[in-house]
Protein chains: 2
Amino acid sequence: MHGDERIILERYLRERGLKMTHARETVLTAFLSLESHVSADAIHEAARKLDPGIGQATVFRTIKLLTDAGLAREACRDDNARLYEHAWNHAHHDHLTCVECGAVVEFVDSSIERAQEAVYRRFGFVSSGHRLELYGICPGCQAKKANSGL
Amino acid sequence: MHGDERIILERYLRERGLKMTHARETVLTAFLSLESHVSADAIHEAARKLDPGIGQATVFRTIKLLTDAGLAREACRDDNARLYEHAWNHAHHDHLTCVECGAVVEFVDSSIERAQEAVYRRFGFVSSGHRLELYGICPGCQAKKANSGL
DNA sequence: CATCAGCTGATAACGATTATCGATATCAAC
DNA sequence: GTTGATATCGATAATCGTTATCAGCTGATG
């Protein structure tokens, strides 16, 4: 199931003299069991269901490892807390977020990507990544608003 | 000099029964005296030079007012802290940031803007704003790297 | 110049993240 | 399997940015 990710992490750890432990495997499993855009707290909660002894600090430490290993990626921030999403076998994408209900649509748009490359060229930069967040009101919330009296 | 912004703020405050005070005027002046992408702490520091008695809490409170009044806008986050930029007479723009030296280029690209609108239509969303951050290495840092042995 | 709602600065509280520390688990070598 | 050096664990304290609290103060209005 999640064998690929486990092997990636194990190799990453071995390469720098770190160890594969129960706790780290549990956090990885918990993270993979959740949908995109999870907080450290949500991962901690999920990990506790697999092993109630998992500490909060270990979750934070392991998330950092997962990020460095290329398995997780910081997605955005829910006002205060950082949110993470899967990065392995999940191609690059941008986010379209509903400001009313919080729904998130992931999308890729080739003309946006091309236009971004043109901007890099225009200013002589070498690209190393980008973050695009579109905010708006989703069709469902538009309908809800229209029905509720406006 | 900054008369426009002062009047904007004064009107905003009056409209909701709030008061124009020394402290608020000082924070506004401090904010306007700084370049784009400032932290609350930097604004506090600048405000203290104008009036050493200005408290940190007042700076946070006033930044919120400036944001609501349309004079400031949350730009991005320097890892942990929120950063703010001028929003009055500063048209919408996106950011191109050098990951080596931190330099920020502000730009507008009409084909990116158009492509974003197409994405909104594709998913039936009504737009309410977006945030685009491009990351890369600026020409200066590319040259620095090339010279230093690579 | 009195009044009162709004403001102020100091300080405590808060939540997310990070550092500390003694006890424990891991892995490689025997 | 045992050992041992060392990474790791969970609990807890510490940090940092931000927000809430509160007693005293200020500014617009009459």
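Naming convention: chains lettered A, B, ... in sequence-line order (proteins, then strands); numbering from 1 in each chain.
- At most 12 heavy atoms of other shown residues, nucleotides or ligands fall within 6.0 angstrom of atom CZ in B/Arg14.
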A correct 5'-to-3' footprint of nucleotides 19-30 of chain D, with B, S and - meaning base, sugar-phosphate only and no protein heavy atom under 4.0 Å, is BBB-----B---
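- For the pair B/Asn80 CG and C/dA16 P, the interatomic distance rounds to 14 Å; values are reported in whole Å.
- For the pair A/Glu25 CD and D/dT8 P, the computed distance is 15 Å after rounding to whole Å.
- Here the C1' atom of nucleotide D/dA7 and the CG atom of A/Leu9 are 15 Å apart, to the nearest Å.
- Considering OG1 of B/Thr67 and CZ of B/Arg73, their distance stands at 10.0 Å, rounded to 0.5 Å.
- Rounded to whole angstrom, the span from the CZ atom of A/Arg16 across to the P atom of C/dC27 amounts to 17 Å.
- The neighbour count for A/Arg11 CZ, taken as heavy atoms of other residues, nucleotides or ligands under 6.0 Å away, does not exceed 12.
- Atom-to-atom, CG of A/Asp78 to P of D/dT18 comes out at 16 Å; the value is rounded to the nearest Å.
- Rounded to whole Å, the distance from CG on B/Asp79 to P on D/dT15 is 19 Å.
- Side-chain contact check for A/His95 versus A/Leu134: every heavy-atom pair is 4.5 Å or farther apart.
- Distance CZ (A/Arg24) to P (C/dA25): 15 Å, rounded to an integer number of Å.
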Take A/Asp94 and A/Arg131 through the test salt bridge (charged side-chain N to carboxylate O under 4.0 Å, His left out) and record every step on the way to the result.
CA-CA 7 Å; A/Asp94 296 312; A/Arg131 179 184 311 286; over 6 Å; no
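- Side-chain atoms of A/His92 and A/Glu106 form no donor-acceptor pair, as typed in the model, at a separation below 3.5 Å.
- Direction change of the helix axis from one end of the helix from C/dC1-D/dG30 to C/dC30-D/dG1 to the other is 20°, with five pairs defining each end axis (rounded to 10°).
- In the model, B/Glu85 has a side-chain atom that pairs as donor or acceptor with a side-chain atom of B/His37 under 3.5 Å.
- Contact check on A/Lys145 versus A/Glu100 returns a salt bridge, with a Lys/Arg side-chain nitrogen under 4.0 Å from an Asp/Glu carboxylate oxygen.
- Considering every non-hydrogen atom in both A/Arg6 and A/Leu28, the closest pair reads CA-CD2, 3.8 Å.
- One interatomic measurement links the two molecules: CZ of A/Arg77 to P of C/dG15, which rounds to 17 Å at whole-angstrom precision.
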